[in-house]
Each structure stands twice: as structure tokens, then as C-alpha cells.
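First up is the structure itself, then whatever we jot down about it.
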Amino acid sequence: MDEQEMIETAFDDLIKSLRKGTTEESVKMIRRAFEFAREAHQGVRRKSGEPYILHPLAVAKIAVKEIGLGTKSAVAALLHDVVEDTDYTVEDIANLFGPKIASLVDGLTKISEVMGSNTTKQAESFRKMILTLADDVRVILIKIADRLHNMRTLDSMPEHKQVKIASETLYIYAPLAHRMGLHAIKTELEDLSLKYENPVEYQELEKRIHDYRDEHTGLYQQFIAPIRERLTESGYRYDITARTKSVYSVWSKMQRRHISFEEIYDLLAVRIVFDPKDNQPEKWQCWNIYSLITDMYSPKPERIRDWVSVPKANGYEALHLTVMGPGGKWIEVQIRSRRMDEIAEKGLAAHWKYKGDNAEASNEVDKWLAGIKEMLEQPGTDALEFLDEFKLNLFAKEIRVFTPKGEMRTLPKGASVLDFAYDIHTEIGNSCIGGKVNHKLVPMSHRLQSGDQVEVLTSDKQKPQSDWLDFIVTAKARNNILMVFRREKKEQIRIGTTMFEKLLEDMKLPFGAENLNKALLHLKLQHKDDLYVSLAKGHLDIEEVRKALKKKSENKFVKYWKLQFFKSDKDKSVPDKEEEKGKVINDITDDASDFIIAPCCNPIPGDDVVGMKIDGDKITVHKRKCPEAIRLMSSYGDKIVPVKWVSHKIMSFLAVIKLNGIDSIGIVSDITMIISKESNVNMRTVHFETKDGIFEGMIHLYVHNTADLNNLMMKIASLKGVENVSRVENLDV
């Protein structure tokens, strides 16, 4: 098939994917947009070598087929790169296709400028872009389709671009897809991000999940046979499918709970999608099917999730239960009507289709957008802080609580009485002194549960305190509290800066990034503002800063290891072979001034690492899967510096392992014997405690690299009585 045939076939696929009932007039408009985009992108190719027009065609197909959008969205998707990449303007689009489509294309162009790989102001631009979000949510839905196709074709990009795009996708686009109710797309974006960020772990997990599915096919058939029989007897038309958890959700659960693959019991889930019977409420039919299943299999009561009575804030509706299946295996069952299933997969677009049936879910999204606009209207909001708060509010699990008058409010899981107060009104939050939950007096830090009835107690003399930030979880509460502190902090930074400059002047040292970073490093402070505020408040003595500046810079790591930094030419569309391998621009041996080992994840030689060069001349080296690194990579994509460990000598580095198990005579002796026999490992401190027949231990070790550490942990884990062995990170040792 030649290129022109390939392009026409892709266009025909797009037309076949349109909603039923699309008019001839609409098809002509899509054809006109396609011809216009093809001419505009004539001669341009993607990194993979294929004609560029295939990308807008693929994005349009995702928008209409996988998200369920209509004609205007298909046209905007076809034209989404025209203004950015060619000489055509938004006015040209408006003249040819009308103001609505021009508005969508303009919104998409703004987002592309925001998330472009060469800007250092992504967070600020993202903030501005979100301001346009409330005008037309289709902009974000089309952008999600655009990102999904880019992720599906990421193989052709150089590695530093892959890492940047994958981090950004995991940090912003997957949570956005979740908030818009696009479950299938959210799952695929997460899996693809993991594939490029941690390729080895991804491939290993993908194979294990595949093997698990093959191994348990018989169990699944055995489990569903009686369910099929009962549903058919009851007169239901239905589909039953089996699914395993996604690679990312398995990986995430293992990381979050520090458990092994074998300890994840809900790998297998069964989904029942039924056509509802006439003249019977869907909710009633979901519970009827639940009753049929629990007549055959015993349920696990604490694992029932009722999103039929009260849908999630993104509109998701379903009834989930976990039952004991054949062979002692727990199996999750999801029950949905056909309408619920379409909403679960296509999110907002399906809501509009069913809005007559369920206006409440769409209203939830409207409330969320209104809340985002309110956040943006706060004066002096820091852009990167906004990006973090925006992301925080995308992925939160929800609880439902009630006002004294019975009005229901949706809050993130873990919300406090203070979060509830700010959700009611800013002034109520600012003056909150406590609350009554179910008529009982509680402090403002009290965590709320679904179903609680909450009354807020206030005082005119109250004002926000710094410790409030420790127990609030909503972006609205955080932003309002921080706004009160900003003016005060601004003045403290001004005073602290003056004090620090005067100290440098007295010591005859230049005021610059090098001395500032040296002070921060020795005083164990994260940011220059922390230094200035501590000085202004008197929490830090000026003499301590003087001593820190006099200290000789040392870094044990670099005397015995080399970190190799790579530089790729970002101006060339396709790097040459030498640049693909990476060109050494810094072979560091003794000088510690070029880089910092990130204290948030404390990588040791052998860990998979990435460098970030944001402020000043120093490169901060993080573990690649460190949450802070993912956050920074998503916001400062052009500041990524590929880095790896390249050699080691005889010096060892400190690591900490935590272990527990069943206490028995000689268990500590056995563990320490294994460590003493390892020639590449030495103990610094050993601490064990026993209680009720269970022991817990913490061992500080000097190791050469992660291979030595992992080898030792495997040997300890094989001892009889030892249940768990894990490495402790982010610990000041």
C-alpha cells in the first residue's frame, strides 16, 4: 500500500467510526477539514518517517471512537496542529470552519505551547490553559486523544524525550483522563508511561500477569458457569468478560504497600454488563444480580463498593463485590448496566448522551471546573504549586458527608473538618475552631468518614495557623491558608535575603548560586526561601550559616564512583548515532560542586537514576521512579539530564533494610551470620524488637551497589521465619 492509499484508508476508518446518525453535511465538513489539513502538512513527516497527516487522523479517530465525541471535535482534532505548525492562523480557521471550531483549535494550540518540550514555563502556561478549560471541556478531551496517540507511537523518539513525555503523561494526563471518566484511556496511558519510565519492571510484570491469566482461565470458566446459568434463568441479556489488573495498577500497588506480586489477591476480576429490563430501575437490577451471585459465592463484606447509589465524582457508576471463588481464590465482580459501562469507558462524552437520565454526574464535573477557576482566581498563586494542587484534586478518592441541614458534599478521602469548613466557604474555614461530627465535639483535624453529618464551629478571633497544613487535603483549603501566609512570607524572604547578603559581604564571598547551594546543602535545607525565612524568624542563627559557608565541600560518592552525564542535541529532529549513545560532557571524580544526590530518594550506585538541572549549575540526581523526580520531569521536561553510574572501587555506601517475621531462638544470629559471610557487605548498626512472638528489625549496612544489597536481601528472605525484607529509603541516617 503506498502512502496516498494509506492516508485514504485512515480517513475511511475515521468516517466509519463516527456516531450513528451523523449527517451527510457533517461528513462533508470532516472531508473538507481533512483535505485542508493534508495540504497544510504536505511534505511534513513524523519522527517515525510516516506522513504527518496520519497523526491528526489517528487523533480524530480516538476522539470519536474511543471517547465518543461528535463532528466538531473530529474537525478540531484534524486541524489541531495546523495553527502551531503552519502559517495558517486562528482567524483563517474561523473563516473556513466557523468560530466554535476555531475556538477549539485555539485552545488545543495553547495547550501544545504549554506542554512543548522546549519551554521552561510549563507550569505557568498550564495554569493559563486551565482557565480556558471551563469554556469547553472538549479541548481537554481532544488533547487527551492527542497524547494517547503520541504515547502509542513513542518508540521513534530519543530516550530523553520518551522519559519527559512519559513523566508528564503520568503526572498530568492520566489523572485528567481519570477525572473525565475515561477509564480505559487512563489505564493505557499509565501502562505506556511505565513502559518507558521503567521498561525492565514493565516487561517482567506484563509477562507475569499474562502467565497468571493463562494459568487461571480454567478457574474463570468454572467460576462464571453457574452465574451464567442463573442470569439466563432470570431473563437477563448480558455479557461476561474477565480482566486482569493493568500492569501499572499492579506495579503501583506493589510499590505503595511494599508487597510482592504473589500477595496481590485481586488480580482477576469478572465484569457483568447487562441490558436493563423495562420498567425496573437499573439500581434495583444491579442489586438483584448481586443477590444472585452471593447466593452462590460468599462475599467479603468490607470489599463491597456501591457506586450505583452514589456515583463517583467523575460519573462512574457500578456495583463492585469480592467473593470467594473456586480453589480459595478471591475474585472481584463488577456489575454494570449497558449505560453505566459506556459512561465508565467514554466518560464525559457518554454523560452528555445520557444527560436526560443522569444530570447529576455532569453537574459534578461542572462543580469541579468551578472549583478550579476559584483556585486560579486567588492572587499570587505559585504556578508549580498550582500544578501540584490541581493534580492532587484530579485523582482523589471521594467520600460523601452532610451539612446539618442534610445537604450532601463530596470531599477527597481523608478530608478533615477543616477541609469541610473551607468547602462551605473561605471565611468559615479561616475562622474554624473545631466541629461537631454526628453531634459529637471533635477537633478541626478530625478525619471524616462517608455518611458523617458535620457542623463547623467558628470564632471571630481565629486565624489560619501553619500547622493546619499538616492535616488538610483539599486544594481549596490549602490555597486559602497559603494565601494568608504569602504576604507574611514575602516580607520574611526580603529580610532574610538582606541578612544573607550582608553575611556574604562580611565574609568577602560573592552572592551567587554556588555559595547559596553550599549553605543549603550543609544546613540540610531544600530551598533558598527556607534559608531566608529561617533567618528572618530567628530559627537559624547567622553564625550557623557562617560555619556552613566555611565548610569544605565533600561528597563521599564521587570519590569512588563516576556519574556519567549525557547530552543530546535537541535542535536536531533525529540524533546521529554518536548522540544516541550519549556524549560524555562531565566525567566526575572528585569535584562535588557539579551535582547533588537528592535527599528525597537517596540513590546509591547501581540504582536507575536521572538528573535534573533546574536552578543554578548543579545537577540533582534522583532515582528514576522517585515521585519528586516524576513531578519535576513533568514540569521541566527540557531540564532532564540523562545520567548513569559507570564504575566503582572499594568504597561502600550506606543502605538500610527493614525486616520482620516470626520470632524463634537463634533467628537474629542466623541473620547476622548471613551478613557477616557476605564479603561485599558490612554492618553499621543492628536493631531488633520482639512483641507477641513477632520480631521487627532495622539493619544499617555498607554495600557496594544495589546488586550486592538485593543479593543479601534474597538470602535473608529465604530464612525460615522471615516474612518480609525491604529497603528503607528517604531516611536520614
Side-chain angles (χ1 to χ4, degrees), residues 46-48 55 58-59 62 111-112 114-120 122-123 126 140 143-178 182 184-206 246-256 384 387-388 390-391 394-395 566 568 570 575 580 582 598 601 603 607-614 620-644:
R46 300 191 81 210
K47 287 277 197 303
S48 59
H55 169 64
V59 173
I62 292 169
I111 303 177
S112 294
V114 171
M115 294 305 187
S117 59
N118 294 322
T119 176
T120 57
Q122 287 169 295
F126 183 80
I140 226 66
K143 186 60 195 176
I144 288 169
D146 177 41
R147 177 50 58 111
L148 179 59
H149 186 248
N150 282 335
M151 288 299 292
R152 285 173 176 174
T153 55
L154 202 56
D155 275 339
S156 55
M157 300 293 278
E159 188 190 352
H160 75 278
K161 286 276 183 72
Q162 289 177 346
V163 172
K164 183 260 176 186
I165 292 168
S167 297
E168 188 180 272
T169 300
L170 196 58
Y171 193 72
I172 291 293
Y173 285 99
L176 258 179
H178 168 81
L182 301 166
I185 288 177
K186 178 214 78 162
T187 302
E188 188 176 350
L189 287 174
E190 288 174 338
D191 278 1
L192 288 168
S193 297
L194 182 64
K195 179 182 174 181
Y196 289 101
E197 285 205 319
N198 294 289
V200 176
E201 289 180 64
Y202 175 84
Q203 285 162 12
E204 183 186 325
L205 270 180
E206 187 181 40
S246 70
V247 180
Y248 178 82
S249 64
V250 171
W251 179 84
S252 179
K253 196 167 190 177
M254 288 167 65
Q255 298 293 319
R256 195 171 61 249
L384 197 58
L387 190 63
D388 288 344
F390 176 78
K391 193 259 181 183
L394 284 175
F395 233 154
F566 298 85
S568 294
K570 293 177 186 175
E580 275 183 338
C601 55
D607 284 334
D608 196 7
V609 289
V610 65
M612 295 297 300
K613 189 175 183 181
I614 296 175
T620 306
V621 180
H622 290 265
K623 279 189 180 180
R624 186 169 283 210
K625 64 182 180 183
C626 167
E628 178 66 7
I630 292 170
R631 185 182 79 87
L632 292 170
M633 287 190 286
S634 70
S635 303
Y636 299 100
D638 58 331
K639 301 294 188 180
I640 296 170
V641 180
V643 54
K644 69 174 182 179

Determine the minimum heavy-atom distance between [X] and [Y], stating which atoms define it.
X      : Y      : value
Asp191 : Tyr248 : OD1-N, 2.8 Å
His160 : Ile640 : O-CD1, 4.2 Å
Ala166 : Met151 : CA-CE, 4.2 Å
Ser156 : Lys47  : OG-CB, 3.8 Å
Lys623 : Cys601 : N-SG, 3.1 Å
Ile630 : Arg624 : CG1-O, 4.1 Å

Output the distance between atom [atom1] ([X]) and atom [atom2] ([Y]), rounded to the nearest 0.5 Å.
X      : Y      : atom1 : atom2 : result
Leu148 : Leu192 : CG    : CG    : 7.0 Å
Glu628 : Thr620 : CD    : OG1   : 9.5 Å
Leu182 : Thr187 : CG    : OG1   : 10.5 Å
Arg152 : Leu189 : CZ    : CG    : 8.5 Å

How about [X] and [Y]: does a side-chain donor come under 3.5 Å of a side-chain acceptor?
X      : Y      : result
Ser167 : Glu197 : yes
Asn150 : Tyr173 : no
Ser249 : Ser246 : yes
Arg147 : Thr169 : yes

**Report entry** Any Glu206 side-chain heavy atom under 4.5 Å of Lys195 side chain
**Finding:** no
Requested in this report: Tell me, yes or no, whether the heavy-atom count around Glu159 atom CD, taken from other residues, nucleotides or ligands under 6.0 Å, exceeds 12.
Outcome: no
